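Everything numeric in this text was worked out from a predicted model, so none of it was measured.
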Amino acid sequence: MYFDRNIRILANTTIVGYTLIEVTLFQLNWNEIDDVLLDMDGTLLDRHFDNFFFEEELPRRYAALHGLQLEESRDTLMAMYRSVEGELAWTDLHYWTQRVGIDVVAMTKELDHMIGFLCGAEEFLQHLRQLGKRVTVVTNAHESGVAIKVAKTGLDRHVDRIVNACEVGYLKMRPEYWPNCARLLGFDPTRSLYMDDDEGCLIAAKQFGVAHLVHSAKSSSQLPPAPLTQFISVTGFSPLLNGRPVI
């Protein structure tokens, strides 16, 4: 068990005023893994940027454009987001530019100083290189957003390939995504590891037969961990480096 303020491992301990979260101990056998498939936002890159962009800054600008109160603007945009959730339009910055009347691509570039790796992500990618694994970023993001984030972070230098949703034809939470992605990349799901912060995407991968599934429980540097019970949940990359959770 752990609590996040003093960052230490606890066992059989009850502490008033803290939320205790169970940590699953596990050991990866890298000899059983050829391909490593990694989500981008919330797994390698800090989701704080996306949360701020779509939940705070875009609602502010939409409110100013349409003369709305901020909460009304946020509610309106959230309803728009939900209306296309699971479809390719959900992550298409050009679609949102047309839908909201604001240049969302230009906004992304304007705020790119907020784009960055999660703590330990680059070290993990370097470790995978040393292990000789084929590393692919599989992201729901549209190619326009991917290009901006790659230019800012140099993510492409750490991996073999970055595949956006449009290349596959579906988002990762859709069952159609995984057979299409496997054909595109030529990976064996029984010898692959997939890591994501999205439960729906992990469920779809599990149903397809991806053998090694890891949930990124700490998707944003500004939010507390949100572990899942049905998958191995990690709050950092240390468990994937040495098999011992370091919170």
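Not a single donor-acceptor pair under 3.5 Å links the side chain of T153 to the backbone N or O of G116. No donor-acceptor distance shorter than 3.5 angstrom exists from the side chain of H66 to the backbone of L68, with no hydrogens or angles considered. One N or O on the side chain of N140 and one on the backbone of K172 form a donor-acceptor pair closer than 3.5 Å. With hydrogens and angles ignored, the 3.5 Å screen pairs no side-chain donor or acceptor of D112 with any backbone N or O of I115. The backbone N or O of V159 lies less than 3.5 Å from a partner atom in the side chain of R129, making a donor-acceptor pair. Between the side chain of S73 and the main chain of Q69, no donor-acceptor pair closer than 3.5 Å is present. Between the side chain of K218 and the backbone N or O of L223 there is at least one donor-acceptor pair closer than 3.5 Å.
Residues L111 and E57 have side chains in contact (heavy-atom distance under 4.5 Å, counting atoms from C-beta outward). Proximity of V100 to M80: side-chain heavy atoms (C-beta onward) are separated by under 4.5 Å at one or more points. Within the 4.5 Å cutoff, the side chain of D41 has no heavy atoms near those of the T43 side chain.
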(message) Assess the residue pair T139 and N164 against the criterion (side-chain hydrogen bond (donor to acceptor under 3.5 Å, both in side chains)); give the C-alpha distance rounded to whole Å, side-chain angles, the decisive distance to 0.1 Å, and a yes or no.
(response) CA-CA 5 Å; T139 176; N164 66 67; over 6 Å; no
(request) Give the C-alpha distance, both sets of side-chain angles, the deciding distance and a yes or no for side-chain contact (heavy atoms from CB on, under 4.5 Å) between M78 and E55. (result) CA-CA 8 Å; M78 290 298 173; E55 297 175 18; 3.4 Å; yes
(request) Show your reasoning for whether side-chain contact (heavy atoms from CB on, under 4.5 Å) applies to V163 and V137. (result) CA-CA 6 Å; V163 174; V137 171; over 6 Å; no
(message) For Y177 and Y170: C-alpha separation, side-chain torsions, deciding distance, then whether ring pair (Phe, Tyr, Trp, His ring centres under 6.0 Å) applies.
(response) CA-CA 5 Å; Y177 177 92; Y170 299 93; 8.1 Å; no
(request) Carefully, step by step, assess D197 and R47 under the rule side-chain contact (heavy atoms from CB on, under 4.5 Å). (result) CA-CA 10 Å; D197 66 307; R47 189 174 283 283; 2.9 Å; yes
(request) Decide yes or no on side-chain contact (heavy atoms from CB on, under 4.5 Å) for Q230 and E199, but give the supporting numbers first. (result) CA-CA 9 Å; Q230 66 169 309; E199 183 177 17; 2.9 Å; yes
(request) Assess whether salt bridge (charged side-chain N to carboxylate O under 4.0 Å, His left out) is satisfied between R161 and E167, documenting all intermediate values. (result) CA-CA 12 Å; R161 184 170 178 179; E167 291 181 75; 3.5 Å; yes
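For Q98, the side chain to side chain donor-acceptor pair (under 3.5 Å) criterion is met by no residue, not counting sequence neighbours.
Annotation: W96 is not in aromatic contact with F53 [ring centroid separation under 6.0 Å not met].
A salt bridge is defined here as a Lys NZ or Arg NE, NH1 or NH2 lying under 4.0 Å from an Asp or Glu carboxylate O, and D92 with R99 fails to meet this definition.
For the atom pair NZ (K149) and CE (M40), the distance works out to 4.5 Å, reported to the nearest 0.5 Å. The line from CZ of F231 to OH of Y194 is 9.5 Å long, rounded to the nearest 0.5 Å. Annotation: the span from D39 atom CG to S219 atom OG amounts to 9.5 Å, rounded to 0.5 Å. To the nearest 0.5 Å, atom CZ of residue R74 and atom CG of residue L58 are 11.0 Å apart. Of the inter-residue distances, the one linking L88 atom CG with R174 atom CZ reads 8.0 Å to the nearest 0.5 angstrom. Here the straight-line distance linking atom CG of D34 with atom CG of L131 works out to 12.0 Å at 0.5 Å rounding.
The shortest heavy-atom contact between P175 and P179 is O-CD, 3.2 Å.
Using modelled atom types, one finds a donor on one side chain and an acceptor on the other under 3.5 Å when comparing D46 with S221.
Classification of the H158-F117 ring pair by plane angle, with boundaries at 30° and 60°, yields perpendicular.
With M195 as reference, L38 is the one residue of V36, L38, L37 to meet the side chain to side chain contact (heavy atoms under 4.5 Å, CB included) rule.
The environment of CD in E123 is sparse: at most 12 heavy-atom neighbours from other residues, nucleotides or ligands sit within 6.0 Å.
M107 and L70 fall into different hydrophobic clusters, defined by Ile, Leu, Val, Met, Phe, Trp and Tyr side-chain heavy atoms under 4.5 Å apart, directly or through other members.
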